[in-house]
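Naming convention: chains lettered A, B, ... in sequence-line order (proteins, then strands); numbering from 1 in each chain. As the structure is a computational prediction, the values presented were derived from the model and not from experiment.
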Amino acid sequence: MDFDFSDDQKFFKTEARKFLDARSPVAVVRGVLNDDAKSYDKDLWAALGEQGWLGAAIPEAYGGLGLGHLELCVIAEELGRSLAPTPFSSTVYFVAEALMLAGSEAQKQAWLPKIAAGEVIGCFATVERAGTLTEAQVAAKVEGGKLTGVKIPVTDGEIADLAVVLAKEGGQTRLYLVELAGAGVTREVLTTLDPTRGAARLRFTGAACEPLGEAGEGLTLAQGVLDRAAVLLAFEQVGGADRALEMAVDYAKNRFAFGRAIGSYQAIKHKLADMYIKTELARSNAYYGAWALSTGAAELPLAAAAARVAACEAFWFAAKENLQTHGGMGYTWEVDCHLYYRRAQQLGLVAGGAKAWKERLVSQLERRNAA
Amino acid sequence: MDFDFSDDQKFFKTEARKFLDARSPVAVVRGVLNDDAKSYDKDLWAALGEQGWLGAAIPEAYGGLGLGHLELCVIAEELGRSLAPTPFSSTVYFVAEALMLAGSEAQKQAWLPKIAAGEVIGCFATVERAGTLTEAQVAAKVEGGKLTGVKIPVTDGEIADLAVVLAKEGGQTRLYLVELAGAGVTREVLTTLDPTRGAARLRFTGAACEPLGEAGEGLTLAQGVLDRAAVLLAFEQVGGADRALEMAVDYAKNRFAFGRAIGSYQAIKHKLADMYIKTELARSNAYYGAWALSTGAAELPLAAAAARVAACEAFWFAAKENLQTHGGMGYTWEVDCHLYYRRAQQLGLVAGGAKAWKERLVSQLERRNAA
Amino acid sequence: MDFNDTAEEAAYRAQVRGWLKANVPPSLGARENGLEDPASMDACKAWQAKKADAGYACITWPKEWGGAGGASWQSVIFGQEEAGFEVPGNPFAIGLGMCVPTVMAVGAEADKLRFVRPAARGDEIWCQLFSEPAGGSDVAAARTRAVKDGDDWVINGQKVWTSGAHYSDFGLLLARTDVDVPKHKGMTMFWIDMHAAGVEVRPIHQMSGASNFNEVYFTDLRIKDSQRVGAVGDGWKTSLVTLMNERLSIGGGGGPSHKLVLKLAQDIAVLAGPAAKDAGLREKIADWFVQAEGLKYTRYRTLTALSRGQTPGPESSIGKVVGANLMQDMANTAMELEDQFGIISDPATAALSGAFQSALMGAPGLRIAGGTDEILRNIIAERVLGLPQDVRLDKNVAFKDVPTGR
Amino acid sequence: MDFNDTAEEAAYRAQVRGWLKANVPPSLGARENGLEDPASMDACKAWQAKKADAGYACITWPKEWGGAGGASWQSVIFGQEEAGFEVPGNPFAIGLGMCVPTVMAVGAEADKLRFVRPAARGDEIWCQLFSEPAGGSDVAAARTRAVKDGDDWVINGQKVWTSGAHYSDFGLLLARTDVDVPKHKGMTMFWIDMHAAGVEVRPIHQMSGASNFNEVYFTDLRIKDSQRVGAVGDGWKTSLVTLMNERLSIGGGGGPSHKLVLKLAQDIAVLAGPAAKDAGLREKIADWFVQAEGLKYTRYRTLTALSRGQTPGPESSIGKVVGANLMQDMANTAMELEDQFGIISDPATAALSGAFQSALMGAPGLRIAGGTDEILRNIIAERVLGLPQDVRLDKNVAFKDVPTGR
């Protein structure tokens, strides 16, 4: 039994935290928040590339560090904690994972080294309207190698170089790679609940594209990518929840009302105990997801769903109750509570809402029970 | 705007409480609890008849007091509060209501005066197995005026004289009146979670029966009876929740831990505040149900569902958290918390669980929104 | 039980409705507080004056003070009917609901004569200066100092969460006049001129982006002793009068309703089919419905008590704690239903004009403003259920010795 | 991360499994505590002796005291493997997990020599006499008096919620020896002979109908001063040793699982069709699953810490508060699904032999026993998160002056 990160991985985590404390302080996050023209911090993005983090789980043969997914989980937790405003998740959890899952050797050779080097920002463009992603939702079409359709919302779509797009060709779903600088692509920036992360509407009007994976497997592969991303996002969420809990504990120890620290009142104590409980349960589920992801286990779809469901619940609860613990101050622009409140929603929706993942979880459970 | 009981009705309530405090103290409830051979208290039952309560909502023409349903709601709340162990709800909320809703003039003449006089105990026999009552569940059949089938569980079935039974004739559902003393009826007492109320399995093997209401309308009429009963049961539940809250408040004021009354700790205070909130919301929904019931309003199905959903939630929460507030003592046989915990389940299931009622509520809401 | 008006109520309602139809001014398009636009503010003041002249402003106040000497139920009916029209905003609510009634109750005769009628007519606007940064839920922790200097008082300190401070003419100020006595005994109430030198108003930037509240700073603000409202040291007692005068919260919690969730669900698919048929969502809608309806009928019970000439029971205290959490839960569920699309908040693109997104951003404020969830549960537990107070370390000790953690 | 054993772990597991296969006695059909049947108790004792002889009882204890001088992870592995067999019950858990380690830690040398080995072999059974009716969550409120009389102590009072008192040979007793000092300073620990005159054991009738616990009454029970465990006045300090020795709760919370709910749902119809396809139920199953799995993997993290020779972190404190509420919620939901039929509790007739009905009746006890939900949240908040204690009125005051409300 060895159900924890190794000492090396823990050391790596400590170093990652130090790095982000220095390079992604809240001033950097607010720099993006307060500037409508910015949807990420370029210096921070460049620094992440220099650290080699973008290629942490990309094999050395493709220009990565080849450390593996456990190390990527460690990075993800720290990114979530720091609210780092960069297109890391779109590029690494979605596009790099899609390439590793479904890409041809040539596609991997073409793109993974660039991703690892920080030369390419990626985005994952599957959704077209409100509701769970299903085959019926996909109206985007490919005919004669040209893509036509609208994807909305696309996280980091306004800054990405490369998109993985879900579309239909001859009625079958398939994933495609699209270089967004090419002709036939227009982008509109969207206003979202979390201005520290960007999103866009992408319109394709006969844009050049190339298939990624087989015809008819688009939705399955998209789900495969989502499973991988769900585990990594769960670590970001656990990191965010942990930091929100820390903020709440710190405030509750130092804020006095009626002559006592508010943290000595059971209403606050028990709220924070519940935050701790949910965060620990989410952490344990995320660890199992990390094991499944890093070992390529058949349990991944179930483990990913469990990790995501627990992480969405934990971060949402921690973010809203951290704000509540701060009282009126928590509702001001100047205090950081709302940054976590916004990010909890962003992370809770970016790979699909918890409701849809609960259905996936139970379907997987039925499959397992039947086996 | 006059959304409250009248002064007369409030006076009636005070008198009802005094009566039950005297005639249905907890010793009477425990008398039934501790005696496996008893499923109700005969003296109390007789006393309720003498008070005229059984006929409170039965018109004077049929031997009742003709007071109306608002007065019956008042009685119901007090019965719920006192945990009165009698077949009042089966006889009055279900069977008398079924007769008033669907009975022929002859049937009303035959049975309502006897019910009002306390000469007849009724039961409502619709369910045959686990799950929501639907047409598919009904296997009981009538052929040539003879009923065959099994109904389980039937509340008060082991002591009833008259059953309203849901069965099929020629594939159509219909309600029937069955005199249980007749041939072709066997009963088995069931062990349930609430031994202070009785239940049985009724087996009909060619029992004589007469139709109540039209062929094909069995399920609709049964639902109509359930709507009426749901409102009245909601008052019992509000009464029970109110009493559980009172018990918890009283204990929290007098039990000391760490040198303070436990009611001075926010964990207890806020738990009891939540109990109060749920009970008040349930009360307000029950009042609306009472209005709909007493005026024969078209809103009854929606109002009944809302009253039931809110009441199930309020009593269950109050019962379980009252027990929790009492700590170890609450888990003993000698302290009364478990009596309310048991009754909360009995009342929460007897007219169908809250889950099914939520579905009915939303269906009604869609109907209203569409209108 | 009867949802219909009594004959008397019906007559009054008809009279009100007739008057409103004849008198409501054409819409300016602008609504509610925070009106920086002078034309909007003028419209508000003109509407208030018109109501005052017709006996529909401050209905329950005595006629001699600009009211109509009417009953609470008349006030409720007028409010219900007025809500059916698009009328100018009401920047007077805090002054007329809380500040001026305090002056009427404990103020000097000269102050009553000077202030009550102009306030009732909307000529002058008041704000309430109680909350402080260090106080939060604990109003009696006010640190803004008033120091006696001859016949004057000199005020220094800061207030926070003051609605309408930027357009108010006068403010009711709770200040600390003695730090050597227990906290509840060392405060005094004053009225101040918001236009005086030494008063600075700064808007608070809320997380939602809006600025509905202000910080108010006092720097050597010099006022006369005649501006005192009530006796020296009676500030806490006086503030309770103000807070008890807080208007009965009659309106709903605001925000989207379960109906809007059903509407959303009709246009959305989840894995198993249309969201409107999803049993999980339907259960939640049922739960929300019984809460919202429960609050509605609880308000009806309050109105009934008023209409019977009784004091409403404690049931009205549950509204905000239920409503605010309901709003947050509903918004979160709706966005989860919208799935990835839910993150879009721009009204032009978002589902249902972003109604749920803006509810999500507003709900945290609603759970805090006017008493946090935690404070409201304390109030229910102590005042309604009679449970004992928590242990208090801030009583029976000089204010300057109350622990503050610093 | 690796779910597999290390080589060392695997070797130990194989050895244990081989031994168990060869040595587990034939089943008697009786299990667990509360065994009134002498044959069952004899089987338990025989099995314990066999384990002790083979080095599988008290694995982490030193060999000289009847243990095996092994590591925590060995103890865990033995427990996992033993759970796979039907072995006699374990009425020794409290004695070996809490009482005897206390004697080993602070008891007199003579007591260690007298008691430790017989306990380890199962020859003698111990119970823990801490809780009192007036104490509840507050163990330090013990009122059972021990009064010095020459070289003896005379005990009067009552303990409650004592597991196994009726079959125990010895008890570890926390008694009040001084009421004039603060509550935590006036207690002393003793061992007593449960068969002595002056000790009366009465079973507690629980709401579930079962009697797993006892009240224990002391009437002029006279014991020697040599029966003292630790110094006079050190009882509270000593009791903390006992409670810290509480075994790591490795097992699950017990009760039915989400799997059983799915099984139930397959046989049940709701209005819209089969319950197993009901989205509302499925969402709940997902929520329960992540909680149950979260607890499971949290235990794995604890085992990993043990296996690395570290002290487990505070994460193990969340198990019961989550598990007990999960059980109650799941039982209630399952019964709601069964609808009217859910009220039937007779295993012969009820759905799935009444598993959910008995969980419903057991869950309230689980939320209370061994620390209520409220106490556990306090512990997490104070010991894990470092939040300040609540205000204590029972410290720094003589025990006899602590407010009790009477």
| C:Asn332 versus A:Gln345, side-chain donor and acceptor atoms under 3.5 Å |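 Their side chains do contain a donor-acceptor pair, which is all the 3.5 Å distance test asks for.
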Heavy-atom distances under 4.5 Å only: say whether [X] touches chain C with side chain, backbone, both or neither.
| X | answer |
| --- | --- |
| A:Arg201 | side chain |
| A:Val350 | backbone |
| A:Thr155 | neither |
| A:Ala351 | backbone |
| A:Ala356 | both |
| A:Ala354 | both |
| A:Lys271 | side chain |

Please classify the contact between [X] and chain A as side chain, backbone, both or neither, with a heavy-atom cut-off of under 4.5 Å.
| X | result |
| --- | --- |
| C:Ala265 | neither |
| C:Leu352 | neither |
| C:Val270 | both |
| C:Leu337 | both |
| C:Ala141 | neither |
| C:Leu360 | both |

| Derivation of the side-chain contact (heavy atoms from CB on, under 4.5 Å) call for A:Glu188 and C:Thr349 | CA-CA 11 Å; A:Glu188 292 161 60; C:Thr349 310; over 6 Å; no
Where do [X] and [Y] come nearest, in terms of heavy atoms and distance?
| X | Y | value |
| --- | --- | --- |
| A:Leu193 | C:Ser345 | N-OG, 3.7 Å |
| C:Lys183 | A:Phe258 | NZ-CA, 3.8 Å |
| A:Gly328 | C:Trp161 | O-CZ2, 3.0 Å |
| C:Met207 | A:Tyr341 | CE-CD2, 3.6 Å |
| C:Gly342 | A:Leu349 | C-CD1, 3.7 Å |
| A:Gly259 | C:Val402 | CA-CG1, 3.7 Å |

Within-4.5 Å side-chain heavy-atom neighbours: [X] and [Y]:
| X | Y | value |
| --- | --- | --- |
| A:Leu133 | C:Asp339 | no |
| A:Trp333 | C:Ser208 | no |
| C:Gln328 | A:Trp316 | yes |

Selection from [options] maximising heavy-atom pairs under 4.5 Å formed with chain C:
| options | value |
| --- | --- |
| A:Gln137, A:Glu128, A:Arg342, A:Lys253 | A:Arg342 |
| A:Leu190, A:Leu323, A:Val335 | A:Leu323 |
| A:Asp194, A:Thr134, A:Ile152 | A:Ile152 |

| request: Go through C:Ala140, C:Pro133, C:Ser211, C:Ala134 and name the one with the most non-hydrogen pairs under 4.5 angstrom from chain A. | output: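 The residue among C:Ala140, C:Pro133, C:Ser211, C:Ala134 with the greatest pair count is C:Ala134.
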| query | chain A: which of C:Ile268, C:Ile343, C:Leu393 shares the most heavy-atom pairs with it under 4.5 Å? | reply |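 When all of C:Ile268, C:Ile343, C:Leu393 are compared, C:Ile343 has the most.
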| field | Check ion pair A:Glu321-C:Arg367 (N to O, under 4.0 angstrom) | value |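 A salt bridge is present here (some side-chain N lies under 4.0 Å from a carboxylate O).
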| message | Taking the basic N atoms (NZ, or NE/NH1/NH2) and the acidic carboxylate oxygens, is any pair closer than 4.0 Å for A:Arg260 and C:Asp394? | response |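 Salt bridge flag = no for C:Asp394 with A:Arg260.
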| request: To the nearest 0.5 Å, tell me how far C:Glu215 CD sits from A:Thr332 OG1. | output: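 That separation rounds to 9.0 Å.
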| said: Once rounded to the nearest 0.5 Å, what's the spacing between atom CD of C:Glu374 and atom CD of A:Gln266? | reply: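 CD of A:Gln266 is found 13.0 Å from CD of C:Glu374.
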| Stepwise salt bridge (Lys or Arg N to Asp or Glu O under 4.0 Å) check, A:Lys355 with C:Asp278 | CA-CA 11 Å; A:Lys355 184 176 176 62; C:Asp278 181 277; 2.7 Å; yes
| task | Might you confirm whether atom NZ of C:Lys400 has over 12 heavy atoms from other residues, nucleotides or ligands at distances under 6.0 Å? | result |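 Correct, the count exceeds 12.
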| said: Heavy-atom count check: over 12 atoms from other residues, nucleotides or ligands less than 6.0 Å from C:Lys263 NZ? | reply: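 It does not: C:Lys263 NZ has 12 such atoms or fewer within range.
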| query | Yes or no on side-chain contact (heavy atoms from CB on, under 4.5 Å) for C:Ile368 and A:Gln324, after CA distance, side-chain angles and deciding distance? | reply | CA-CA 7 Å; C:Ile368 294 163; A:Gln324 176 73 12; 3.6 Å; yes
| task | Say whether, by atom type as modelled, one donor and one acceptor occur between the side chain of C:Asp346 and the main chain of A:Thr191 under 3.5 angstrom. | result |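 No; judged by distance alone, with no hydrogens or angles, the pair does not exist.
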